[in-house]
*Asks:* 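Pasting a structure here, questions to come.
The sequence lines fix the lettering, A, B, ..., with proteins before strands; numbering per chain opens at 1.
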2 protein chains.
Amino acid sequence: MLAAERRDHLLDLLAREGKIVAKDVAAGLRISEDTVRRDLRDLANEGLCQRVYGGALPVSPAVVDYGARQTVAPDGKRKVASVAAGLVRPGGVVILDGGTTALAVAHALPRDLACTVITHSPPVAVALLDHPQAEVLVLGGRLFKHSAVTCGAAAAEAARNVSADLFLLGVTGVHPEAGLTTGDAEDAAMKRALAARAADTYVLASSEKIGTASRYRVLPWEEISGLVTDEPAHNPVIEQLTAAGVDVLPAGAPSPSSEVSA
Amino acid sequence: MLAAERRDHLLDLLAREGKIVAKDVAAGLRISEDTVRRDLRDLANEGLCQRVYGGALPVSPAVVDYGARQTVAPDGKRKVASVAAGLVRPGGVVILDGGTTALAVAHALPRDLACTVITHSPPVAVALLDHPQAEVLVLGGRLFKHSAVTCGAAAAEAARNVSADLFLLGVTGVHPEAGLTTGDAEDAAMKRALAARAADTYVLASSEKIGTASRYRVLPWEEISGLVTDEPAHNPVIEQLTAAGVDVLPAGAPSPSSEVSA
DNA sequence: ACGATACATGCAGAAACGTGCAACAACAGG
DNA sequence: CCTGTTGTTGCACGTTTCTGCATGTATCGT
């Protein structure tokens with residue numbers, strides 16, 4: 001592995017996970033901790049990370065005007081996005097919805113993951129520009145500015161010509177009775193069209209969405225494979241969904257790792 | 001093996017694997033590491049790769065990144081973009097190319113201008129999100145990451161279904177004999193397809209493009225209506241173009257443009 | 001306060017680097 | 001056909017850079 005490549009890897013790790021533990025990286029890459037420490041020291045000198053005891057952290061968001069918006073993403077969305085990104089298999093084909101949560105998923109994808117991403121969201125496409133191994137297909141159409149996605153007849157038509165293993169669906173409301181909802185009729189139709197083209201559909205549901213409903217129904221529960229949320233499993237709504245047979249993937253607690261340090 | 005062939009091989013390797021290890025390439029091609037190093041040094045001088053200890057990496061994403069480049073858009077591009085934005089009539093339909101200069105045009109468009117913008121560039125689409133009066137049509141297709149535009153058969157197909165008053169074309173080279181050129185064959189084809197759908201085609205040519213040529217021809221002079229540049233009119237290349245009947249719109253000096261129409 | 005862990009520094013071997021040089025091929029001109 | 005020129009390639013040499021280990025110091029958690 002080239003030294004510069006290692007450096008990129010560290011920055012990538014920092015962006016995706018929000019921290020670096022020198023020991024873990026050294027073990028992961030089979031190199032000495034000294035080398036990792038030296039790299040981190042250099043990166044810190046260039047202002048690309050903040051050195052702390054045991055590893056490094058991102059520089060304060062105010063300084064990173066460049067990637068500011070992605071770091072501003074609320075913690076809940078970051079966690080959901082991280083778990084959802086893990087659903088994308090190397091070599092797999094995923095349809096990525098629009099919206100801020102889906103955008104966070106794009107940012108959370110490992111930079112060197114070889115996969116195909118289909119999206120009707122220009123911001124998602126832009127976010128994937130620096131993922132050299134990701135094949136990106138953009139679905140064209142009329143730009144719906146509120147959600148920053150393409151929609152309309154042309155977009156629906158384009159959607160009919162693709163298929164995928166997985167659809168990561170963003171919605172504005174997740175409600176036991178109302179199902180999955182969003183605020184625009186055309187947007188809802190587009191999401192349905194996309195869901196129809198994927199073998200599995202997983203919903204990205206950060207906690208503020210749980211229990212709320214918007215005007216337009218996207219899909220009923222039966223047509224989705226699962227849901228990723230940072231809401232605790234004991235939330236009544238979540239329990240209800242679990243009982244209804246929805247595969248709920250928790251994104252909240254990094255739970256069982258406590259015994260590792262012990 | 002020819003030297004040029006070797007050079008292509010290196011670039012290809014860089015594109016496919018994201019890195020080059022000098023030692024491995026030398027062993028693979030049965031040539032000395034010195035030769036590989038020399039090649040890499042040359043490629044780096046041409047800005048086609050980034051030299052690092054042990055090999056080379058693609059040009060640093062930070063340098064290529066559009067988000068970064070748009071904020072540091074050179075003065076020349078800003079001037080060109082400003083003049084080009086003036087070519088868009090209220091209620092008109094314009095096709096906006098990809099690339100940093102076209103992106104600068106998107107930013108230069110008055111925020112309340114009511115017009116229709118057709119683009120195959122996700123960054124341009126994103127830039128127009130806060131233009132409430134602008135109707136934006138995105139042409140879908142496979143994302144070509146280097147230029148951040150969609151291309152390929154799907155994009156060309158989508159292009160066939162639109163027409164416009166004006167096409168604002170970005171290129172990498174503007175040369176009296178070579179014509180308008182760019183660095184990628186598919187990208188060139190897409191630009192041709194777009195030019196065919198517009199009544200008028202104007203070239204965005206900030207001064208650093210003037211007099212240079214890239215590998216792939218986009219269009220001959222006869223097929224464009226004009227050219228916007230911040231290069232002074234007395235530049236030999238510009239004079240040659242003017243003599244050839246190209247409508248040159250100056251973006252450098254705020255001076256009267258009387259002689260342009262003459 | 002103590003042990004454990006992380007750290008900075010110096011050092012040495014290894015690897016990569018740049019440069020100069022010579023051998024060689026391609027080419028132009030006589 | 002010969003010859004001088006130019007450009008490329010591989011080798012040799014000395015230099016720089018990188019990396020892991022050892023040492024002693026600083027910091028953390030208990």
*Asks:* Is there a side-chain polar atom (N or O) of B/Arg41 under 4.0 Å from OP1 or OP2 of C/dC17?
*Replies:*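 So the side chain of B/Arg41 is outside the cut-off, no N or O lying under 4.0 Å from OP1 or OP2 of C/dC17.
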*Asks:* Taking CG from A/Leu2 and C1' from D/dT17, how many angstroms apart are they, rounded to a whole number?
*Replies:*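 Between C1' of D/dT17 and CG of A/Leu2: 14 Å.
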*Asks:* In whole Å, I'd like the distance from the CD1 atom of A/Ile31 to the C1' atom of D/dC18.
*Replies:*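 Rounding to the nearest Å, CD1 of A/Ile31 and C1' of D/dC18 are 12 Å apart.
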*Asks:* Give the nucleotide from the list C/dA6, D/dA12, C/dT9 with an atom nearest to the side chain of B/Asp34.
*Replies:*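 Per side-chain heavy atoms of B/Asp34, the pick is D/dA12.
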*Asks:* Categorize A/Val36 for me: base, sugar-phosphate, or nothing, with a 4.0 angstrom heavy-atom threshold over every strand shown.
*Replies:*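 The answer is nothing, as A/Val36 stays clear of every strand by at least 4.0 Å.
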*Asks:* Give the nucleotide from the list C/dA6, D/dG10, C/dA16 with an atom nearest to the side chain of B/Thr35.
*Replies:*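 Nearest to the side chain of B/Thr35 among the choices is D/dG10.
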*Asks:* NA contact type, A/Val52, heavy-atom cut-off 4.0 Å: base, sugar-phosphate, or nothing?
*Replies:*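 Touches sugar-phosphate only.
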*Asks:* Between A/Lys77 and A/Thr100, is there a side-chain donor-acceptor contact under 3.5 Å, judged purely by atom types and distance?
*Replies:*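 Per modelled atom types, A/Thr100 and A/Lys77 side chains form a pair under 3.5 Å.
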*Asks:* Counting side-chain heavy atoms from C-beta on, which of D/dT19, D/dG10, C/dA16 comes nearest to A/Arg6?
*Replies:*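 When the side chain of A/Arg6 is considered, D/dT19 is the closest of D/dT19, D/dG10, C/dA16.
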*Asks:* In whole angstroms, how far is the P atom of D/dC28 from the NZ atom of A/Lys23?
*Replies:*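 So the two atoms are 17 Å apart, to the nearest Å.
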*Asks:* Which nucleotide sits closest to the side chain of B/Ala3: C/dT5, D/dT9, C/dA8?
*Replies:*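 Shortest atom-to-atom distance from the side chain points to D/dT9.
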*Asks:* Can you tell which of C/dA8, C/dT5, C/dT19 lies closest to the side chain of A/Arg37?
*Replies:*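 Minimum distance to the A/Arg37 side chain belongs to C/dA8.
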*Asks:* Are any of the side-chain nitrogens in B/Arg6 or B/Asp39 under 4.0 Å away from the carboxylate oxygens of its partner?
*Replies:*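 Yes, charged N to carboxylate O under 4.0 Å.
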*Asks:* Salt bridge between B/Glu33 and B/Arg38, side-chain N to carboxylate O under 4.0 Å?
*Replies:*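 Between B/Arg38 and B/Glu33 there is no salt bridge, as every charged N stays at least 4.0 Å from the carboxylate O atoms.
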*Asks:* Reading DNA chain D from 5' onward, which residue's closest nucleotide shows up sooner: A/Tyr53 or A/Arg30?
*Replies:*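 First, find each residue's nearest nucleotide; the 5'-ward one identifies A/Arg30.
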*Asks:* What is the distance from CG of A/Asp24 to C1' of C/dA6, rounded to the nearest Å?
*Replies:*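 About 14 Å, once rounded to whole Å.
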*Asks:* Can you find a donor-acceptor pair, distance only, under 3.5 Å between A/Arg38 side chain and D/dG20 base?
*Replies:*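 Side chain to base: pair present.
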*Asks:* Taking CG from A/Leu40 and C1' from D/dT19, how many angstroms apart are they, rounded to a whole number?
*Replies:*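 After rounding, the reported distance stands at 15 Å.
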*Asks:* Just the rounded figure in Å: distance from P of C/dC7 to CZ of A/Arg51.
*Replies:*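 Spelled out: CZ on A/Arg51 to P on C/dC7 is 4 Å.
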*Asks:* Have a look at A/Leu103 and tell me which of A/Asp97, A/Val124, A/Val126 forms a side-chain contact (heavy atoms from CB on, under 4.5 Å) with it.
*Replies:*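 The option that passes is A/Val124.
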*Asks:* Specify the separation, in whole Å, of atom CG of A/Leu29 and atom C1' of D/dG20.
*Replies:*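 Going from A/Leu29 (CG) to D/dG20 (C1'), I get 15 Å.
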*Asks:* Just how far, in rounded Å, is C1' of D/dT17 from CZ of A/Arg7?
*Replies:*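 From A/Arg7 CZ to D/dT17 C1': 15 Å.
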*Asks:* Between B/Arg142 and B/Glu186, does any side-chain N to carboxylate O distance fall below 4.0 Å?
*Replies:*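 So B/Arg142 pairs with B/Glu186 through a salt bridge.
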